[in-house]
Protein chains: 2
Amino acid sequence: MDDLGPIRVFLEVARQSSFTGAARVLGTTPASVTRAVARLEEALGQQLLLRTTRRVSTTSAGAMIAARYTGLLEEFDAATEQIRQESLPDRGQLRLNAPMSLGLRLMPGLVESFRLAYPHVQLQIRLTDRLIDIMEEPCDVAIRISQAPADKSTIWRKICEVPRHVVAAPALFERVSRPQTPDEIDRFSCLSYGDTSEPETWTFQKDRSRRQVQARGDVISNNGDLLYELVLKGGGMALLPDFITSEGVASGAVETVLDDWPVPMLWLTLFYPPYEKLPPLVATFTDFFEVYLEENASGAFRWS
Amino acid sequence: MDDLGPIRVFLEVARQSSFTGAARVLGTTPASVTRAVARLEEALGQQLLLRTTRRVSTTSAGAMIAARYTGLLEEFDAATEQIRQESLPDRGQLRLNAPMSLGLRLMPGLVESFRLAYPHVQLQIRLTDRLIDIMEEPCDVAIRISQAPADKSTIWRKICEVPRHVVAAPALFERVSRPQTPDEIDRFSCLSYGDTSEPETWTFQKDRSRRQVQARGDVISNNGDLLYELVLKGGGMALLPDFITSEGVASGAVETVLDDWPVPMLWLTLFYPPYEKLPPLVATFTDFFEVYLEENASGAFRWS
DNA sequence: GTTATTATTACGCTTGACGCAATAGATTAG
DNA sequence: CTAATCTATTGCGTCAAGCGTAATAATAAC
């Protein structure tokens with residue numbers, strides 16, 4: 001017995017003590033009610049209702065079953081109703097994913113602000129730098145910083161661009177002169193961002209000319225903040241997004257290098273799992289995120 | 001969404017993270033699984049599973065729904081299983097109905113004995129003298145004492161016969177001589193059993209001759225025990241079943257009258273509501289009752 | 001690049017449920 | 001006591017929904 005229909009019908013008949021009455025309430029015919037009850041009795045293997053053409057009452061089994069099922073059915077309907085409610089755009093669960101460095105800077109304010117606006121949303125925030133297969137760990141939206149989503153099988157949305165600069169501590173240039181062209185970078189120790197054991201390749205662009213340089217050096221890390229700390233200590237040069245370095249640049253703790261050789265900007269994108277249609281709550285977050293970012297972090301990002 | 005099938009399918013897919021695997025477990029085809037999940041998503045109005053041809057995971061909504069429904073479904077199955085268990089012949093609920101006078105004498109011992117034999121049966125015992133419409137108040141078996149079930153719409157079963165005698169206190173005959181024929185009953189005050197305001201009509205039978213006599217008197221009661229008490233006090237004669245009078249007859253407190261003019265015996269019968277098929281527990285009780293009565297009360301009843 | 005696996009969809013079929021009308025049973029009215 | 005009425009059930013024709021098979025599209029593995 002997997003169909004709740006007959007159970008509902010039976011309960012209504014038991015409540016009313018009438019097949020015809022139940023049919024009226026349920027908007028069907030007495031014949032259908034008869035068959036539904038018969039199906040249930042067949043499935044449970046026992047007679048539930050005592051029928052005379054004029055009066056209907058429940059057997060002992062029927063009474064117990066009615067008592068047992070009514071509560072369950074109410075719970076079930078409540079659950080279903082709640083589930084349907086959860087599809088509203090302002091409540092439910094939202095599993096976010098963001099990169100470590102950006103997440104640590106951005107999420108505290110973002111989450112506080114979002115929770116204020118949408119208090120009925122349960123948030124689950126996961127900071128991870130691996131560009132996880134979105135299917136791997138459950139996730140509704142992933143904030144990513146990447147070059148240019150070549151992946152055509154995933155759904156993504158560009159939010160803004162992320163300027164980057166090569167930075168270094170001023171102390172670094174006390175003995176060695178600042179580089180004037182990308183090729184001169186070879187003279188410095190470079191700090192690479194990445195998961196691999198291969199150093200980064202930095203691409204510079206001036207007017208129409210383009211230079212690619214290997215970031216030679218002994219340190220590779222998958223964490224931008226760590227690289228930044230090393231830069232502060234004079235450990236070398238690093239190509240880092242502005243949202244990490246902007247404060248240090250403003251205070252003079254670090255200096256940008258090769259300002260006239262811009263580095264292609266990264267994209268700040270939202271990645272979605274392969275939705276058929278964007279869930280309402282996810283759409284809500286997307287909009288909120290876009291507005292929040294433009295209003296609160298315009299310094300380190302660029303809208304084109 | 002009234003069909004639990006799709007929910008079960010969805011839960012299995014979520015557990016396995018695979019449509020094909022779920023199909024294998026559920027003994028169906030992947031195509032069917034796809035459609036079942038699609039139906040559920042349609043009914044709930046939101047996407048529950050994220051599919052790639054190679055990997056499956058749940059959306060936020062799907063995860064919550066899975067969590068919410070699994071418990072409910074287990075409860076539901078447990079209830080269904082229990083209900084199926086209740087159809088066994090030695091457990092469940094049994095609603096009994098018996099006449100007042102017989103019930104008070106019979107039920108204490110019967111119930112004690114029955115509970116010993118069937119400890120998992122819930123008994124509900126109702127003593128009432130009205131020959132209730134069995135459909136009126138819920139009842140699984142009704143013990144009745146009646147003339148001869150003419151009612152053809154009800155199911156009944158004759159257990160044994162109930163001898164009756166006209167009894168009176170010995171003191172009654174100190175001044176007036178005992179009646180020798182039914183007609184002489186007119187000389188005494190008679191105590192009638194019944195619900196109406198009409199006195200009883202007593203039928204006597206000797207050989208092939210038959211006499212009907214109006215039980216003239218000023219007292220009518222629907223309770224045999226009350227009549228018996230009145231008889232003990234010398235209030236008149238009454239036609240009472242032996243199970244009420246036998247003790248008094250044995251001790252000499254009352255005497256039977258017109259012993260050579262027997263009164264047609266009543267029937268002790270079990271009445272059932274209009275069952276399609278006798279429920280197992282009811283059948284159990286019926287058998288138990290028959291055996292118990294023969295073994296414990298053979299004095300006041302007669303098997304033919 | 002090729003193969004194998006997986007989810008989906010189109011097609012044909014069967015099963016099952018429904019509504020209507022007719023039947024049987026029981027209560028009420030006269 | 002009889003007729004009328006209301007009720008539950010059942011047979012019949014219809015229709016929709018679900019299933020399995022086979023074909024398709026997409027992805028991961030070799």
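In what follows, chains are A, B, ... by sequence order, proteins preceding strands, each numbered from 1. What you see is a predicted model, and the numbers here were worked out from it, not measured in a lab.
Checked against C:dA21, D:dT27, D:dG20, the side chain of B:T28 finds its nearest nucleotide in D:dG20. Side-chain proximity of B:T29 to D:dT27, D:dT21, C:dA26: nearest is D:dT21. For A:S32, the listed nucleotide lying nearest its side chain is C:dC18; candidates were D:dG20, C:dC18, D:dA8. Comparing C:dT8, D:dA8, C:dT9 by their closest approach to the side chain of B:A31 singles out C:dT9. When the nucleotides D:dA8, C:dA17, D:dT10 are ranked by their closest atom to the side chain of A:R39, C:dA17 comes out on top.
Residue A:T34 has no polar side-chain atom (N or O) positioned under 4.0 Å from OP1 or OP2 of D:dA8. For A:R51, a side-chain nitrogen or oxygen approaches OP1 or OP2 of D:dT9 to under 4.0 Å.
Rounded to whole Å, atom C1' of C:dA17 lies 16 Å from atom CG of A:L40. Straight-line distance from the CD atom of B:E42 to the P atom of D:dG18: 12 Å, rounded to whole Å. In this entry the distance linking CD of A:Q47 with C1' of D:dA8 reads 13 Å, nearest Å. Nucleotide C:dT5 holds its P atom 16 Å from the CZ atom of B:R55, rounded to whole Å. Going from atom CG of B:D2 over to atom P of D:dG18 covers 13 Å, rounded to whole Å. What separates CD of A:Q16 from C1' of D:dC6 is a distance of 16 Å, to the nearest Å. Going from atom CG of A:L50 over to atom P of D:dA8 covers 13 Å, rounded to whole Å. We find that CZ of B:R35 is positioned 9 Å from P of D:dG18, with the value rounded to whole Å.
A donor-acceptor pair shorter than 3.5 Å can be found between the side chains of A:R68 and B:Q82.
Taking the side chain as every heavy atom from C-beta outward, B:L268 and B:L102 approach each other to under 4.5 Å. Taking the side chain as every heavy atom from C-beta outward, B:L48 and B:Q46 approach each other to under 4.5 Å. Looking at heavy atoms from C-beta onward, B:Q124 lies out of side-chain contact with B:L96 at the 4.5 angstrom threshold.
Aromatic ring centroids of A:F76 and B:Y69 lie under 6.0 Å apart.
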